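Not measured: the values here are computed from a predicted model.
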Amino acid sequence: MLRPLCTTGLTVATLFFAFSLTPSLVPRPFMAQGLISGLSFTAGYALGVGALWLWGWLGIPQLRGRVALWFRVGTAALCVLVAMVFLWRAAGWQNDLRGFMGMPEDAGVRPFGIGLITVVLFVGLLCVARLFRLVFGVIARQLRRVIPPRIAHGVGLVLAFMLFWSVGNGVLFSMALRGADTSYHNWHITVQPEQSPPADPQRTGSDASLISWEDLGQRGRDYIAGTPSGDGLEQDPIRVYVGLGAAETPEERAALAVQEMQRVGAFERSTLLLVTPTGTGWVDPVAQLSAEYLLRGDVASVTAQYSYLPSFLALLVESEYGKQSAQALFQAVYGHWRTLPRDERPDLYLYGLSLGALNSSRAFDAHDIIGDPFHGALWSGPPFRSEVWRDLTAQRRSSSPAWLPRFRDGSVIRFMNQDGGLERGDAEWGAYRIAYLQYASDPVTFFSPDIFWRSPEWLNDPRGPDVSPALRWFPVVTGLQVLADIWAGDAPRGYGHEYSMADYITAWHALMAPDGWDEESLAHLRETLEATR
């Protein structure tokens, strides 16, 4: 356990540590930087040790004696110098990125704190690795008494891995997940003192509603309470929300949603939005308000919650729940919608952000709607796990970049960012329209596992307008940086995974083409709504 550290490992580790301090897609806070640096240092050390082992296994001569000593001293001095230079530059890189995104400078990049977190994390992971080696050695020695040495080493490695996996996944991870589940569930069901049921019987959660105020959950109560009224609207929009506590199964919640929609007259509005929320049941109010004001309130929205866990946990442990919920709600709403007379039923659109975009795109089968299609969908910040989005991006026209694809002639599917894109197409955008709103700096969209070992296409020239020119790809390290950007990134609206009111207005207007809007009135709406956020 107290064996000296490997010089080669420390050399590679220092390089990885230095690379980890360079900018990535979005600015990151101090603690996130420390974790990235610690993991990068550890990964570099592991690769260096592995490379040295391979060097010896191949029988290549190694440095000996005084030459080896001077090499170690010189390497150590160089490592310290490189680490100091990159730590000194770290704050400047982060502030350059913040300035690039219109954010104020932050003095929160603390070199000594980052160094301390790196050392603590490295030592902790090194102890785990050496404990694994110790356990593996004990098991292998016992097995060598009864089976050949090579087989004993192979079996010992498997058994040691299974033991550590069972402890990490079956004990530590399960305990952490149960704690998170309890915490988020308690928050979900608690009704805050300042929250009271709506008095308007047309609102979900009122005394007249089929869904109680308590059963909406925290996210549902926030969503209903945020329903706009007043200036800029000809009538109040309708919002229907079904919380997890309202019914046992996705199918029952979907049926309840349709009943509530019928009660409040949702199918009598000109437009109907079928909204798939994120993991916690949250709906981005920026996207919702943009559509409601563009349609001047003549719109109804319906949402069904499928989890109260954050999206990354819901994707990890409840990946099928969101799909099942989205499918159940779509089948119930679409099934009723298609029974209405064509000239009387509302225009039907789907919407989802992030995990909501993923599950919304999985809610229907094109073969089931081809005879009577709904009108379209807006999916913003689609996560990298979205099979539909990945296929479309892979099949894009070769002249278009990965961060803003052009798919075929644009008659059905179009992509946009903060500079537009939905207006471009070789053919007219048809009655059935799919729109993707994505930023090139969004780590949720543009992370992928292969970024650990190869440079992604979105880093090729030309880059997206919101990707820093200082961003460089480094093996392993860039993967850790972008992965950390997903859960700890700090981006303003209009960058990263924070989609702006202005861009939502542009997207909804292009998708739905509501009457009575010109560029001047749209600009006024953007200015008015952004001033309220």
Side-chain angles (χ1 to χ4, degrees), residues 25-26 184 217-220 222-223 241 273-291 301 303-327 329-330 349-363 377-390 392-393 403-404 415-418 434-449 451 458 464 466 482-501 503-504 507-508 511 533:
L25 284 175
V26 295
Y184 284 110
Q218 187 64 48
R219 290 300 190 190
D222 290 341
Y223 178 71
Y241 192 101
L273 299 182
L274 202 166
V275 179
T276 304
T278 62
T280 61
W282 179 74
V283 177
D284 189 353
V286 171
Q288 188 75 30
L289 290 170
S290 301
S301 304
T303 305
Q305 186 180 23
Y306 54 87
S307 174
Y308 47 76
L309 294 175
S311 291
F312 73 95
L313 283 179
L315 189 62
L316 185 64
V317 300
E318 299 176 345
S319 59
E320 289 302 306
Y321 287 8
K323 177 182 177 181
Q324 293 168 5
S325 178
Q327 288 177 338
L329 185 61
F330 176 82
Y349 292 92
L350 276 58
Y351 166 71
L353 163 69
S354 193
L355 187 56
L358 168 62
N359 290 319
S360 180
S361 69
R362 301 159 79 189
L378 172 59
W379 293 320
S380 55
F384 65 93
R385 280 196 56 184
S386 174
E387 300 90 348
V388 175
W389 175 84
R390 286 206 310 266
L392 294 173
T393 302
W403 45 269
L404 191 62
F415 292 77
M416 72 163 285
N417 62 2
Q418 55 270 79
I434 302 295
Y436 282 94
L437 170 59
Q438 59 189 47
Y439 296 153
S441 57
D442 187 345
V444 174
T445 298
F446 290 105
F447 172 82
S448 61
I451 198 175
W458 48 264
D466 48 329
V482 177
L483 193 60
D485 287 342
I486 293 176
W487 57 266
D490 180 22
R493 285 281 179 184
Y495 295 90
H497 202 53
E498 300 292 330
Y499 289 86
S500 73
M501 182 79 75
D503 294 327
Y504 270 123
W508 282 124
L511 188 70
R533 302 310 301 169

(request) Provide the closest heavy-atom pair for Ala435 versus Leu511 in the form atom of the first, atom of the second, distance. (result) CB-CD1, 4.0 Å

(message) Which residues pass the ring-ring contact (aromatic ring centres under 6.0 Å, His included) test with Phe415, not counting sequence neighbours?
(response) Tyr436

(request) Would you confirm whether Thr445, through its side chain, and Pro382, through its main-chain N or O, come within 3.5 Å as a donor-acceptor pair? (result) yes

(message) Would the distance check show the side chain of Asn417 and the main-chain N or O of Gln438 forming a donor-acceptor pair, the cut-off being under 3.5 Å?
(response) no

(request) Would you please test Tyr351 and Leu273 for side-chain contact (heavy atoms from CB on, under 4.5 Å) and show each step? (result) CA-CA 7 Å; Tyr351 166 71; Leu273 299 182; 5.7 Å; no

(request) State, yes or no, whether a side-chain contact exists between Trp508 and Ser290 at a heavy-atom distance under 4.5 Å. (result) yes

(message) For Arg219 and Tyr241: C-alpha separation, side-chain torsions, deciding distance, then whether side-chain contact (heavy atoms from CB on, under 4.5 Å) applies.
(response) CA-CA 9 Å; Arg219 290 300 190 190; Tyr241 192 101; 3.8 Å; yes

(message) Rounded to the nearest 0.5 Å, what separates atom OG in Ser380 from atom OH in Tyr499?
(response) 6.5 Å

(message) Do Leu274 and Phe330 have side chains that approach each other closer than 4.5 Å (heavy atoms only, starting at C-beta)?
(response) yes

(request) Starting at CG of Leu358, measure out to OG1 of Thr278 and round the result to the nearest 0.5 Å. (result) 12.5 Å

(message) Quick one, Tyr223 and Ser301 - any side-chain contact, counting heavy atoms below 4.5 Å?
(response) yes

(message) Please report the interatomic distance CH2(Trp282) to CG(Leu353), rounded to the nearest 0.5 Å.
(response) 6.0 Å

(message) Test side-chain contact (heavy atoms from CB on, under 4.5 Å) on Gln324 and Tyr321; report intermediate values, then the result.
(response) CA-CA 5 Å; Gln324 293 168 5; Tyr321 287 8; 4.3 Å; yes

(message) Applying side-chain hydrogen bond (donor to acceptor under 3.5 Å, both in side chains), can you list everything that pairs with Thr303, at least two apart in sequence or on another chain?
(response) none

(message) Let me confirm one number: the CG-NE2 distance from Leu25 to His497, rounded to the nearest 0.5 Å.
(response) 13.0 Å

(request) Might you point out which heavy atoms bring Val26 and Ala491 nearest each other, and give the distance in Å? (result) CG1-CB, 3.8 Å

(message) For Phe447 versus Ile451, what's the shortest heavy-atom pair and its separation?
(response) CE1-CG2, 4.0 Å

(message) I'd like to know if the side chain of Tyr495 and the backbone of Tyr439 have a donor-acceptor N/O pair within less than 3.5 Å.
(response) no

(message) Can you list everything that forms a side-chain hydrogen bond (donor to acceptor under 3.5 Å, both in side chains) with Asp485? Sequence neighbours excluded, please.
(response) Ser24

(request) Return the set of residues passing salt bridge (Lys or Arg N to Asp or Glu O under 4.0 Å) with Asp284 (not counting sequence neighbours), or none when no residue passes. (result) Arg493

(message) If the condition is side-chain hydrogen bond (donor to acceptor under 3.5 Å, both in side chains), which residues does Thr276 pass it with, not counting sequence neighbours?
(response) none

(request) Mind listing the closest non-hydrogen atom pair of Ala326 and Ala363 along with its distance? (result) O-CB, 3.5 Å

(message) Nearest 0.5 Å, please: how far is CD in Gln418 from CG in Leu437?
(response) 8.5 Å

(message) Between Gln305 (side chain only) and Pro277 (backbone N and O only), is there a donor and an acceptor less than 3.5 Å apart?
(response) no

(request) Keeping the roles fixed (side chain from Trp379, backbone from Leu350), state whether a donor-acceptor pair exists under 3.5 Å. (result) no

(message) Rounded at 0.5 Å granularity, tell me how far CH2 in Trp389 sits from CZ in Phe384.
(response) 10.0 Å

(message) I need the minimum non-hydrogen distance between Gly356 and Tyr306, along with the two atoms involved.
(response) N-OH, 4.5 Å

(request) Please report the shortest heavy-atom distance between Ser441 and Gly496, naming the atom on each side. (result) OG-N, 2.8 Å

(message) My understanding is that only residues two or more places apart in sequence, or in another chain, count here; which of them pass side-chain hydrogen bond (donor to acceptor under 3.5 Å, both in side chains) with Trp458?
(response) none

